[in-house]
Amino acid sequence: MTKYKLKIVLATIFCMQLFHSTQAQEIPEETSLSKKEIRRQIPSYINLQFGLGVSYFRDFATSPLFYSGLTSHTAVSRYKENQDLFKNYGFSFSSGAYYNVYNDHEAVSLVRSMSLYYEYLRSINRWLPSSNIDWKVGGTINVTSNLRINESLLNNGVGFEMIPTLFASFRGTKDISRKKEVEKKIWFLKIKKRPKTRSLTGQFNIGLVNSQYRNGFAYADQSALLNDPKIFGGYEFKVFSGIRAMGSFQYTRYLKNHNAIRYSYTWEAYRTGDRDPLEMVHHVLKMTLLFNTNNKGR
Amino acid sequence: MKKITLLLCSFILLIACESYFLEPDLASTDPMTNFEYLWNECNEKYSYFELKGVDWDEVKVRYSAQISEDISEDSLFNILAKMLIELKDDHTNLVSNFNVSRFDITRETSDNFDFRIVEDNYLPRNYYRSGPFAHDFIDDGTIGYIRFPEFTGTVDTKNLDFALDRYKDTRGLVLDIRENGGGAVTDVFSLISRFISEKTLTNYSRIKSGPGRNDFSSAEPVYVSPNDGVRYEKKVVLLTDRGTYSAGSFTSLAMKAIPSIIQIGDTTGGGLGLPNGGQLPNGWIYRFSISQALTLDLKPDYENGVPPDIAVALNRTDITRDEILDRAIEELKK
C-alpha cells in the first residue's frame, strides 16, 4: 500500500468520524432531548426491494466476449433517514442468465450475486449556501460476491469472486411534496390534488478503496490434484485494485401511515484490477416498499 | 428545478462514462485476431513446452503464414487445431459448433485392450458390478480382478469395501485401468488410500503462476493417507495402456510410490496437466494444460506417459488370450 493510498483511507475515515462528532457536539445546543431520544425521532424503515435489470459482464481470464442478460434483484435493508442522517444496511441478491451469442455460437453463464452493504451519510447543508436540496456525504462499505457457472468454459466453468469496496458517497434529496390541496381544472373536469409527501434523490458512490478476492493467474486451481480440495484454492486478495462506482436516482412517495414506496433506477459498474480483469455493469429498475418501524414520518 | 435537472444530467453523464469501466468489445471473426489470441493464451499459460520440446515461437511463424483474411472458418479451425496438436497433449482441444480437435494419443500405438476378451475368457458370465467397478475372481478363484473403466467421481466407500473384502483371501489383485480416459481426480485418492498402510508421498504438483515459460508455483507435495475401511495390502498389479489417461495416469504415477504395486502393460497416455478452458474472440472454445505433475525426484517427464514396470503388448491375432492379463496373473503367482 503506497503512502498516497494510505492517506486516502485515513482521510475517508477522518471525514466519516468528523460527521459523527460534529453531530454529537451540536445536539446538546439544539435540544434538550437525549441522544437516544433524538435517534428515536429519526424515521426508521425496513425496506423490501424488488427489481429487474439488464446487466453485462466480461471475464478476461476466460473470454474476451461480453455476456449480457436480464437479471432479477431483491434486497432487504434497515434504513433510517432524516435531514441530518442517512443510514442503510442490508443485503441484496440478484440472479440471471447471461448470454453470449456470436458467430453462430451460443454460451450461457448463470450468475448469482450477493451483496452486503452499510451506508452512512451526514448532512453538509450547514456548510453550504442556503439550498432547498438536502445534501449528504459519507461512506459506503459494500461486499459483493458473484458465482458464475458457464459449462462452455470446461474446467474453468465455475467462477467466483468477491469485490469488497469502501466508497465515498454523495446524496442529494429534493423535497417535492405538495404541501396544500390544489384544485385544477382540465376542460370541464375539476381535479383536486391532495397534499403529498414525496422526494427525489440522487446518490453517487465512487470507490475509494477497491479490493478483490479472485482466482490467481491460472484461474483453475490445483488443490484437488494435491488431495487437499479447497473452495478458494489459488485465490488472491488484492487491495487498491480496480475501479467501482454506483449511482441511483430515486422517487419516493410517503404514505399517510408513514410507510413509503420508492421507484428507483440504479447503475453500477466495476472492473477488477488484475491482469485479466472482470468487468461488470448493472442497470436496474427497482421498486422498494419501506415499512416504517417507529411511526415517525417525514 | 434547475438543481434537479443538474442532478439528473450529472447522473446521465456518469452513466455515459461507463466505457471507462469497459475495454472495447473484442468479438471478432478475423482469422489473424483469433490465431494471435489462441497462440498468446498458450504462450503464457501452457505448462509443458519444454518437456514436449516445442518451440512455440517457431510454431507461430509457421502457422501464421498459413492464415489469410479470406480463409474459410473450416480452414482456420484446421490450422488452429494443427497448431494445438503440436503440443501432443490430449488435454488440448479446440471446440467449435462444427468440429472438435484432439491429438488422440491412443492412435500413436497399437490397441492393447479389448474388454470382450476378458469377459469371454477370464470372467464368469454374471460378474459383479459395484458402482463403477466390474469385478470377480479369476484364475480358479485365486486372484481378484477389478476393472475400473472411468473416474466417474462415484467411487464410494461401500463399493470399495465390498470389492476389496471379497478378494481379501486371494493371492493378489489385478486392477485394470486400461482405456480409462480419466475423470474425477478425487477418485484417484479414494482408490490409492486402499492400498497403503501409512501416509504416503506420491508425487508433487505445480501450476502456472505467471506469463513466463518458467513461471510456476512452488512444487507442492501430494500425500495420501490410508483409508480406515477395508484395505488390500497384498500384491497388486495395475494394468495400463496408452488409453490410460489423465486421472488414469495420475493413478499410475501415484502407484509408483507404493512398492507392493506393479504396473504391467503399455506406457500410459500422460495427461498429467490440469486443463483450463476459455473462449476465443470468435466464440470457439479451447483448453490446454496449465499445471505439471512431478515425480518424487521433481521431474515432469511422466506427462509423456507413465512407463510400465513390465512392458507387455496384446497379440490381437489371438482373441482368446489377453497377454497383459496373463502376465499379471503370472506375476501374482510368483
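First the proteins, then the strands, lettered A, B, ... as listed; each starts at 1.
Remark: A:Asn227 CG to B:Ile192 CD1 distance equals 8.5 Å, nearest 0.5 Å. A distance of 7.5 Å separates CZ of A:Phe66 from CG of B:Leu26, quoted to the nearest 0.5 Å. Rounding to the nearest 0.5 Å places CG of A:Asp228 at 8.5 Å from CD of B:Glu220. To the nearest 0.5 Å, the span separating CZ on B:Phe288 from CG on A:Leu154 amounts to 11.5 Å. In this structure, OH on B:Tyr20 lies 7.0 Å from CZ on A:Arg271, to the nearest 0.5 angstrom. Atom CG of B:Asn276 is separated from atom OG1 of A:Thr62 by 10.0 Å, given to the nearest 0.5 angstrom.
For B:Lys208 and A:Phe217, the positive end is not near the middle of the six-membered ring at less than 6.0 Å and at most 45° from its axis.
Neither the backbone nor the side chain of B:Tyr204 comes within contact range of chain A, judged by heavy atoms closer than 4.5 Å. Residue contact with chain B, scored on non-hydrogen atoms closer than 4.5 Å, involves the backbone and the side chain of A:Leu225 alike. In this structure, no portion of A:Asp59 lies under 4.5 Å from any heavy atom of chain B. If you measure heavy-atom distances from B:Val185 to chain A, the contacts under 4.5 Å come from the side chain alone. In this structure, the portion of A:Ala107 lying under 4.5 Å from any heavy atom of chain B is its side chain and not its backbone. Only the side chain of A:Arg275 comes within less than 4.5 Å of a heavy atom in chain B; its backbone stays farther off. Contacts between B:Pro221 and chain A at a heavy-atom distance below 4.5 Å involve the backbone alone (N, CA, C, O). A:Tyr270 touches chain B through its backbone: at least one of N, CA, C or O sits under 4.5 Å from a heavy atom, while the side chain does not. Neither the backbone nor the side chain of B:Leu272 comes within contact range of chain A, judged by heavy atoms closer than 4.5 Å. For B:Leu22, the parts sitting under 4.5 Å from any heavy atom of chain A are the backbone and the side chain alike. Looking at B:Ser47, there are no atoms closer than 4.5 Å to chain A (heavy atoms on both sides), in backbone or side chain.
Put simply, of A:Ala218, A:Pro64, A:Ala220, the one with the most heavy-atom pairs under 4.5 Å next to chain B is A:Pro64. The greatest number of non-hydrogen atom pairs below 4.5 Å with chain A, out of B:Trp284, B:Phe250, B:Tyr286, is found for B:Trp284. Contacts with chain B were tallied for A:Leu226, A:Asp221, A:Asn100; A:Leu226 has the most, counting heavy-atom pairs under 4.5 Å. Ranked by heavy-atom pairs under 4.5 Å with chain A, the list B:Ser217, B:Pro211, B:Gly277, B:Ser209 is led by B:Gly277. Note: B:Asp25 leads B:Thr186, B:Asn93, B:Asp25, B:Val224 in heavy-atom pairs under 4.5 Å with chain A. Most heavy-atom pairs under 4.5 Å with chain A, from the set B:Ala27, B:Ala247, B:Ala184, B:Ser291: that is B:Ala27.
Considering only heavy atoms from C-beta on, B:Glu18 comes within 4.5 Å of A:Val281 through its side chain.
Residues B:Glu73 and A:Asn103 bring a donor and an acceptor atom of their side chains to less than 3.5 Å of each other.
Counted within 6.0 Å of CZ on A:Phe232, heavy atoms from surrounding residues, nucleotides or ligands total more than 12; the atom is thus considered enclosed.
Remark: side-chain polar atoms of A:Tyr102 are paired, donor with acceptor, to backbone N or O of B:Ser28 under 3.5 angstrom. Here the side chain of A:Arg58 pairs a donor or acceptor atom with the backbone of B:Glu23 at under 3.5 angstrom. In terms of modelled atom types and a separation under 3.5 Å, the side chain of A:His105 and the main chain of B:Ser96 share no donor-acceptor contact. Looking at A:Asn156, its side chain never comes within 3.5 Å of a backbone N or O of B:Gly278 through a donor-acceptor pair.
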### side chain to side chain donor-acceptor pair (under 3.5 Å) between B:Ser205 and A:Gln222, intermediate numbers included
CA-CA 8 Å; B:Ser205 182; A:Gln222 66 165 350; 2.6 Å; yes
### Message
side chain to side chain donor-acceptor pair (under 3.5 Å), that's the test. Do B:Gln279 and A:Asn150 meet it? Break it down for me.
### Response
CA-CA 11 Å; B:Gln279 214 168 7; A:Asn150 182 346; 5.2 Å; no
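Under the ring pair (Phe, Tyr, Trp, His ring centres under 6.0 Å) criterion, A:Tyr251 pairs with no residue at all, not counting sequence neighbours.
Nearest heavy-atom pair across B:Phe21 and A:Ala245 is CZ-CB, 3.6 Å.
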